[in-house]
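Below: one structure, written as structure tokens.
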Protein chains: 2
Amino acid sequence: MTTRNKPIYFEQLHSQQRRIFNFIKRFMDRHSYGPTMREIMIGLDITSTSVVDYHVNRLVEAGFLEKVPSISRGLRIPDHYLEPPNSVSVPMLNEVVTSFAECVPYQGCRHEIPTEWLRGKAANDVYALRVNTHLMYDAMVNDGDVVVLRRQNRLNDGEIGMVMLPAKNETRIRRLKYEGEWVCLEPLMSVMQPVRYRRDEIQIVGKVLGLMRQF
Amino acid sequence: MTTRNKPIYFEQLHSQQRRIFNFIKRFMDRHSYGPTMREIMIGLDITSTSVVDYHVNRLVEAGFLEKVPSISRGLRIPDHYLEPPNSVSVPMLNEVVTSFAECVPYQGCRHEIPTEWLRGKAANDVYALRVNTHLMYDAMVNDGDVVVLRRQNRLNDGEIGMVMLPAKNETRIRRLKYEGEWVCLEPLMSVMQPVRYRRDEIQIVGKVLGLMRQF
DNA sequence: CTAGGCAGAGAACAAAAGTTCTGTTTGAAA
DNA sequence: TTTCAAACAGAACTTTTGTTCTCTGCCTAG
């Protein structure tokens, strides 16, 4: 843990400390290494390295910087203060899974998805799945498409998910509507008709986050 | 330009130089800064910094490393020797464009696409386009989908592209088949019928690289 | 007013780190 | 074998760079 007691917001920092923080970030973008005390001093027109050292230590205390003592250019900006990546990598599986235990050692193919699709949640149970001809999905999903799922066994009313119909041993992408003991699977294309099942007839495989199709 | 005369492959390097190169890369992954001569020396069980310096200079000459003289931890691995990013960012536009001149100053919304979609080509003329209800595309493309296009005015026979029908002032995503003076636009859904146009009746907007749909 | 903490100045110091120099070993080519 | 360049060893040297110390001005609580 850090040494700070209460969370400090960037805006609450001393203006000098904000300048130094921003300088370090810009410097690291431009070069592949961090700045020295003296480079910060010169770059920000500060008159002494001790002043830089002073504020750097304040920034470290506040958790905005990490520093390896006595190591030259040993400043680091913690990950959570860097730009969040706008894409994340998820495992690419060949078949529907209801548990990740079966594929934990699998480190093979992965697929990149926009961070936005996670809607702020972790990517733990998210995986990508390439649709093959055996799985006939909704008409809006084509053969060869990559469907991104979050593995979960429950869905809220109105959410779109992948469900398995054990009777037919088939999976479908449908919008779920709950009606008492029944669940209504609505196709995404309005020309098709919704079908109603008993809740225990179907198994929810996951929530559908997105779809990628390469032409 | 670099000082090297002929291209050198990594495998042709002295084994010691390969070890040093790999060490630097691993070190940079672990820490946020590069190693010093001495750290390389200790890490690889080399007996003198001069040996490290020697091989580092060979690597710089061969173009595998960049080095800022006299700067501590000033080693850098050129971009083309790092892992290529598996996603790239392209501009996100609101309407079909036939030239990028009209949107060069536009630095706003961008969208992440898998590098794979570029099929090795540059991302220069690639942009993303969110489909709205006014543009009724092929049935496999839904309202709200993001279509990724490479802006180009020509397509090879059999390629899928976005074309504009000036008569109707509408755009469509179709597979193009050339038949002499005619071009046949084949829908991606087999239930729909292909339509034949004269070549000068339609304008090719771009090649469709992929599609992304967030649920 | 005064004490004390915070920010800044300036300088010196010590450690880290790049560079250079001389000499030795090694291995392949002549 | 001889020769020569590449590779290695060891050490010293210089520059870079982090750290520390003292002193000063400023502001505020008491």
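To find a chain, count down the sequence lines: A is the first, B the second, and so on, and within it residues start at 1. Just so it is clear, the values below take in all heavy atoms, side chains as well, and ignore hydrogens, waters and symmetry mates.
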**Message:** Donor-acceptor check, side chain of B:Arg110 to backbone of B:Ser89, threshold 3.5 angstrom: yes or no?
**Reply:** yes
Are any protein N/O atoms closer than 3.5 Å to N/O atoms in nucleotides 24-28 of chain C? If there are, list each pair with its distance.
none

**Item:** Value in whole Å for how far the P atom of D:dT19 lies from CG of A:Asn57
**Value:** 8 Å
**Complete:** Rounded to whole Å, CD1 of A:Ile24 lies from C1' of D:dT17 at a distance of 15 Å
**Request:** Using atom CZ of B:Arg73 as one end and atom P of C:dT19 as the other, report the distance to the nearest whole Å.
**Result:** 14 Å
**Prompt:** Given D:dT19, is OP1 or OP2 found less than 4.0 Å from the side-chain N or O atoms of A:Lys67?
**Reply:** yes
**Request:** Would you please confirm or rule out a distance under 4.0 Å between OP1 or OP2 of D:dT17 and any side-chain N or O of B:Ser72?
**Result:** yes
**Message:** Tell me whether A:Arg19 forms a cation-pi arrangement with A:Phe21, defined as NZ or CZ under 6.0 Å from the six-membered ring centre and within 45 degrees of its axis.
**Reply:** no
**Asked** Please give, in whole Å, the distance from C:dC21 C1' to B:Asp53 CG?
**Response** 12 Å
**Request:** Report the relative orientation of the aromatic rings in B:Phe27 and B:His31; use parallel for angles under 30°, tilted for 30 to 60°, perpendicular for over 60°.
**Result:** parallel
**Message:** Heavy-atom count check: over 12 atoms from other residues, nucleotides or ligands less than 6.0 Å from B:Glu179 CD?
**Reply:** yes
Pairs under 3.5 angstrom, nitrogen or oxygen only, protein versus nucleotides 7-12 of chain D, please.
residue : atom : partner : partner atom : Å
D:dA7   : OP2  : B:Tyr54 : OH           : 2.3
D:dC8   : OP1  : B:Gln16 : NE2          : 3.4
D:dC8   : OP2  : B:His55 : NE2          : 2.0
D:dA9   : OP2  : B:Thr47 : OG1          : 2.2
D:dA9   : O5'  : B:Thr47 : OG1          : 2.6
D:dA9   : N7   : B:Ser50 : OG           : 3.3
D:dG10  : N7   : B:Ser48 : OG           : 2.7
D:dG10  : O6   : B:Ser50 : OG           : 2.8

**Request:** Could you tell me whether the side chains of B:His55 and B:Gln16 share a donor-acceptor contact shorter than 3.5 Å?
**Result:** no
**Request:** Check the distance between C:dA7's P and A:Arg18's CZ and give it to me in whole angstrom.
**Result:** 13 Å
**Item:** A:Lys207/A:Glu159 ion pair, N-O < 4.0 Å
**Value:** yes
**Message:** For A:Thr49 and A:Arg38, which I'm curious about, is there any donor-acceptor pair between the side chains at under 3.5 Å?
**Reply:** no
**Asked** Looking at B:Glu11 and B:Arg18, does any basic side-chain N land under 4.0 Å from a carboxylate oxygen?
**Response** no
**Item:** Rounded distance (Å) that lies between atom C1' of D:dT16 and atom OH of B:Tyr33
**Value:** 17 Å
**Prompt:** What integer distance in Å separates B:His31:NE2 from C:dA17:C1'?
**Reply:** 16 Å
**Request:** Start with the C-alpha gap between B:Asp125 and B:Arg150, add the side-chain angles, then the distance that decides, and say whether salt bridge (charged side-chain N to carboxylate O under 4.0 Å, His left out) holds.
**Result:** CA-CA 5 Å; B:Asp125 288 332; B:Arg150 181 191 300 283; over 6 Å; no
**Request:** Check the distance between D:dT16's P and B:Met37's CE and give it to me in whole angstrom.
**Result:** 15 Å
